[in-house]
Amino acid sequence: MPLALLRRPDPEHLDILHGGEPLRVSLRRWPAARRLTLRVSQATGEVILTLPTRTSIATAQRFVASHGGWIAARLARVPARVLFEPGASLPVRGVPHRIEHRGARSGATRLEQIGGEAVISVSCDPAFVGRRVRDWLQREVRADLAEAVARYTAALGQAPTRITIRDTRSRWGSCTARGELNFSWRLILAPPLVLDYLVAHEMAHLREMNHSQRFWSLLGDLCPHVDEAEAWLKRNGASLHRYG
């Protein structure tokens, strides 16, 4: 009988103590993996151990315990999360905005200037501030995406079959073989040129479903700020996942 059938199901995570502090490590088995590898997501702070198919959990536990200092050091570099709550500051189209709770009576969420400060003004039960802010951000990004898609549809002469907003971790946007475009709602936090570039990138895939020289030539013709947007994402993209 194959060894894999005899092994107990893996736990979802391992817990260790380092310096008196608990550390949780998620487990991922990967058939192609040849050794144990650890990584800490700068986007979420999740600690992930990838291990080969035949590596035992006992071996994984010892490996994680021996790297407690390394894990703690990497976690210390992960930016603190910013919850959507009154007084918190978050970027909208790249510009810092403070969340202002107007009162418990339900009302529209809107942008305001208060004392020269950009504010997201929210009126609702205090328990629902976070959800109201997230819903408002998703409406705003949907409007920005629709406007950009319309411009690039006119330029390309091709339109997507559908646009979906998600909270993806590994991709800011994608295009399916059916012509469906998917985007992260967090693009509303970035400067407008970043959202514009991502729309141009995925729209170019409607014609070139690859990353060939033809694709990059088409994208360069469509969008004048490819390099600037990609550089911004490389420097700052992971930090957008700290909000909410």
Side-chain angles (χ1 to χ4, degrees), residues 12 26-33 39 41-44 46 48 50 53 84 90-94 109 130-244:
E12 292 184 357
S26 299
L27 295 183
R28 303 284 188 274
R29 281 202 188 269
W30 189 252
R39 71 179 182 88
S41 170
Q42 288 297 299
T44 63
E46 183 181 17
I48 301 170
T50 301
T53 302
F84 292 156
L90 66 147
V92 178
R93 301 182 179 94
T109 301
R131 190 176 73 185
R132 285 292 187 93
V133 171
R134 179 182 284 259
D135 289 348
W136 179 81
L137 289 169
Q138 293 187 357
R139 288 195 299 272
E140 291 294 299
V141 77
R142 190 174 292 278
D144 287 6
L145 288 168
E147 188 276 330
V149 166
R151 280 190 289 105
Y152 287 116
T153 294
L156 274 173
Q158 290 179 265
T161 58
R162 185 182 181 187
I163 301 171
T164 302
I165 310 300
R166 297 176 178 172
D167 190 10
T168 52
R169 297 291 179 179
S170 60
R171 292 184 178 184
W172 297 110
S174 63
C175 175
T176 72
R178 295 185 297 274
E180 300 167 336
L181 303 187
N182 305 299
F183 295 100
S184 168
W185 69 261
R186 295 176 184 276
L187 291 176
I188 194 62
L189 307 175
L193 71 86
V194 174
L195 179 144
D196 184 79
Y197 158 69
L198 263 299
V199 171
H201 186 116
E202 302 310 331
M203 290 286 288
H205 279 312
L206 295 176
R207 185 172 296 176
E208 295 287 344
M209 186 58 76
N210 52 60
H211 285 111
S212 65
Q213 185 56 49
R214 290 193 309 275
F215 167 83
W216 290 108
S217 178
L218 173 60
L219 179 57
D221 291 341
L222 287 173
C223 180
H225 40 258
V226 171
D227 291 342
E228 185 179 358
E230 287 206 334
W232 191 95
L233 282 170
K234 185 175 181 179
R235 291 192 308 269
N236 306 290
S239 68
L240 300 184
H241 291 286
R242 64 193 287 243
Y243 296 98

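The model shown is predicted, which means the values in this text are computed figures rather than measured ones.
For the atom pair CG (Asn182) and OG (Ser174), the distance works out to 4.0 Å, reported to the nearest 0.5 Å. Atoms CZ and OG1, on Arg29 and Thr53 in that order, are 7.0 Å from each other to the nearest 0.5 Å. Taking CG from Leu187 and CG from Leu198, the interatomic distance works out to 5.0 Å, rounded to the nearest 0.5 Å. Annotation: the span from Leu193 atom CG to Cys223 atom SG amounts to 8.0 Å, rounded to 0.5 Å.
With contacts defined as side-chain heavy-atom distances shorter than 4.5 Å, the pair Asp135/Thr109 does not qualify. Contact check for Asp144 versus Glu147: no side-chain heavy atoms found under the 4.5 Å cut-off. Under the 4.5 Å side-chain criterion, counting only non-hydrogen atoms from C-beta, Leu240 is not in contact with Asn236. Taking 4.5 Å as the limit, some side-chain heavy atom of Arg93 sits within range of a side-chain heavy atom of Ile188. Within the 4.5 Å cutoff, the side chain of Leu218 has no heavy atoms near those of the Phe215 side chain. Within the 4.5 Å cutoff, the side chain of Leu181 has no heavy atoms near those of the Val199 side chain. Taking 4.5 Å as the limit, every side-chain heavy atom of Phe183 sits out of range of all side-chain heavy atoms of Leu195.
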task: Report the C-alpha distance between Glu46 and Ser26 in whole Å, list the side-chain angles of each, state the deciding distance to 0.1 Å, and finish with yes or no for side-chain hydrogen bond (donor to acceptor under 3.5 Å, both in side chains).
output: CA-CA 7 Å; Glu46 183 181 17; Ser26 299; 2.8 Å; yes

Set out, in order, the CA-CA distance, both residues' side-chain angles and the distance that settles side-chain contact (heavy atoms from CB on, under 4.5 Å) for Ile48 and Leu27, then state yes or no. CA-CA 6 Å; Ile48 301 170; Leu27 295 183; over 6 Å; no

* To do: Apply side-chain contact (heavy atoms from CB on, under 4.5 Å) to Arg166 and Thr164, showing your working.
  => CA-CA 6 Å; Arg166 297 176 178 172; Thr164 302; 3.6 Å; yes

Inset, instruction - Would you sort out whether Met203 and Thr153 count as a side-chain contact (heavy atoms from CB on, under 4.5 Å), showing the intermediate values? - result: CA-CA 8 Å; Met203 290 286 288; Thr153 294; 3.3 Å; yes

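Pairing each heavy atom of Ser184 with each of Val141, the nearest pair is O-CG2, 4.4 Å.
Each salt bridge (Lys or Arg N to Asp or Glu O under 4.0 Å) pair with one or both residues in residues 171-200, not counting sequence neighbours, appears once here: Arg151-Asp196, Asp167-Arg186, Arg178-Glu180. Among residues at least two apart or in separate chains, ring-ring contact (aromatic ring centres under 6.0 Å, His included) pairs with a member in residues 133-179 are Trp172-His241. Residue pairs meeting the salt bridge (Lys or Arg N to Asp or Glu O under 4.0 Å) criterion with at least one partner in residues 208-217, sequence neighbours excluded, are Glu208-Arg214.
A donor-acceptor distance shorter than 3.5 angstrom exists from the side chain of Arg207 to the backbone of Leu156, with no hydrogens or angles considered. Judged by distance alone, with hydrogens and angles left aside, the side-chain atoms of Thr161 form a donor-acceptor pair with the main-chain N or O of Gly179 at under 3.5 Å. Looking at Ser217, its side chain never comes within 3.5 Å of a backbone N or O of Gln213 through a donor-acceptor pair. In this structure a side-chain-to-backbone donor-acceptor pair under 3.5 Å is present from His205 to Asn210.
Partners of Tyr197 under the ring pair (Phe, Tyr, Trp, His ring centres under 6.0 Å) rule, at least two apart in sequence or in another chain, are His201. Scanning for side chain to side chain donor-acceptor pair (under 3.5 Å) contacts around Arg132 gives Ser106, with sequence neighbours left out. With sequence neighbours excluded, no residue forms a ring pair (Phe, Tyr, Trp, His ring centres under 6.0 Å) with His225.
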